[in-house]
Amino acid sequence: MFTNIGKKIKVLAVVIFCIMAGLSAIGGLIMIVEGLDYGYEDFVIGGIIIAGLGFLFSWISSFVLYAYGEIADKVSAIEYNTRGLNGAQPTFHQPPVQPQYGQAPFGQPQYGQAPFGQPQYGQPSFAQTPAQPEPSQVAPDVRAQRIASIENLKAQGVISEEEYRNLLAQEQ
């Protein structure tokens, strides 16, 4: 019932638009026919205005509801991409993805470790670092991303010149 709610909101926006546009067209048509039958020119003009403005109002008012559904879709996609569930269908009661004990996603320090597996001062290193592939086995785009992140850390002053050189040597 609550799965894929963004799509359901967007469908509801389209249905409400169709109902409102249809009702305004029917109301305008009734006024035009009655004006022609009884000779009231004001009814004919009013019917045209009601049909035109009713359609325009229903179209504009559906924007807000459709946009809300679009936001719900995008937030759900962001959540699942952030959790690493690319391509998985979201469900309402899906538990969060937790990394295995002793593993962390690339670029995120584990408990008791600084970036790139260097122990923090005064903190014992309880987590085991996952096995890293040899640099020759890593795809060129991944290697370029790692080198860029190392250069970014140096530019921010997080690592020293010596650490920078050592990390670059490991990547070559």
Side-chain angles (χ1 to χ4, degrees), residues 1-111 113-116 127 130 133 138-158 171:
M1 184 164 119
F2 294 110
T3 59
N4 205 3
I5 194 69
K7 183 177 179 184
K8 292 176 185 176
I9 292 173
K10 291 192 294 188
V11 168
L12 179 65
V14 172
V15 168
I16 289 175
F17 162 73
C18 292
I19 291 171
M20 289 175 64
L23 289 176
S24 65
I26 291 171
L29 186 62
I30 290 173
M31 284 187 69
I32 291 171
V33 169
E34 291 297 318
L36 291 175
D37 282 347
Y38 296 110
Y40 298 125
E41 292 178 17
D42 292 341
F43 270 32
V44 175
I45 295 171
I48 293 171
I49 291 173
I50 285 180
L53 289 181
F55 178 82
L56 184 65
F57 175 74
S58 62
W59 181 53
I60 292 173
S61 65
S62 68
F63 288 169
V64 175
L65 190 57
Y66 193 89
Y68 189 71
E70 188 72 19
I71 290 171
D73 272 350
K74 298 297 181 190
V75 167
S76 180
I78 290 170
E79 175 190 9
Y80 285 94
N81 284 335
T82 302
R83 287 185 179 180
L85 300 174
N86 297 332
Q89 290 296 323
T91 59
F92 185 71
H93 294 290
Q94 187 166 359
V97 175
Q98 298 292 328
Q100 296 292 329
Y101 177 75
Q103 294 180 348
F106 175 73
Q108 294 182 0
Q110 299 175 1
Y111 175 74
Q113 290 185 340
F116 301 105
V138 177
D141 59 336
V142 174
R143 185 178 302 143
Q145 288 176 348
R146 288 183 179 176
I147 290 173
S149 67
I150 292 169
E151 290 172 351
N152 188 21
L153 290 173
K154 177 162 183 328
Q156 293 175 356
V158 176
E171 290 299 324

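Values below: all heavy atoms of this structure, side chains included; hydrogens, waters and symmetry mates excluded. Since we're looking at a predicted model, the values are computed, not measured.
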Atom NZ of K8: over 12 foreign heavy atoms under 6.0 Å: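 Yes, the 6.0 Å shell around NZ holds more than 12 heavy atoms from other groups.
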All side-chain hydrogen bond (donor to acceptor under 3.5 Å, both in side chains) counterparts of K154, not counting sequence neighbours: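 Once residues adjacent in sequence are excluded, the partners of K154 under the side-chain hydrogen bond (donor to acceptor under 3.5 Å, both in side chains) criterion are E161.
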For E70, salt bridge (Lys or Arg N to Asp or Glu O under 4.0 Å) partners two or more places apart: K10, K74
Nearest 0.5 Å, what's the [atom1]-[atom2] distance between [X] and [Y]?
X	Y	atom1	atom2	answer
L29	E34	CG	CD	10.5 Å
F63	S58	CZ	OG	10.0 Å
S24	I19	OG	CD1	12.0 Å
L23	M20	CG	CE	9.0 Å
I78	I71	CD1	CD1	10.5 Å
Q145	N152	CD	CG	12.5 Å

Residue pair G6 / A72: nearest heavy atoms and the distance that separates them: CA-CB, 3.8 Å
Passing option when K7 is tested against I5, T3, I9, N4 for side chain to side chain contact (heavy atoms under 4.5 Å, CB included): N4
Any donor-acceptor pair under 3.5 Å from S76 side chain to D73 backbone: no
Report, one line per pair, each donor and acceptor closer than 3.5 Å where one atom sits in a side chain of residues 40-47; sequence neighbours left out.
none

Non-hydrogen side-chain atoms of F55 and F17 separated by less than 4.5 Å: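 Side-chain contact under 4.5 Å: yes.
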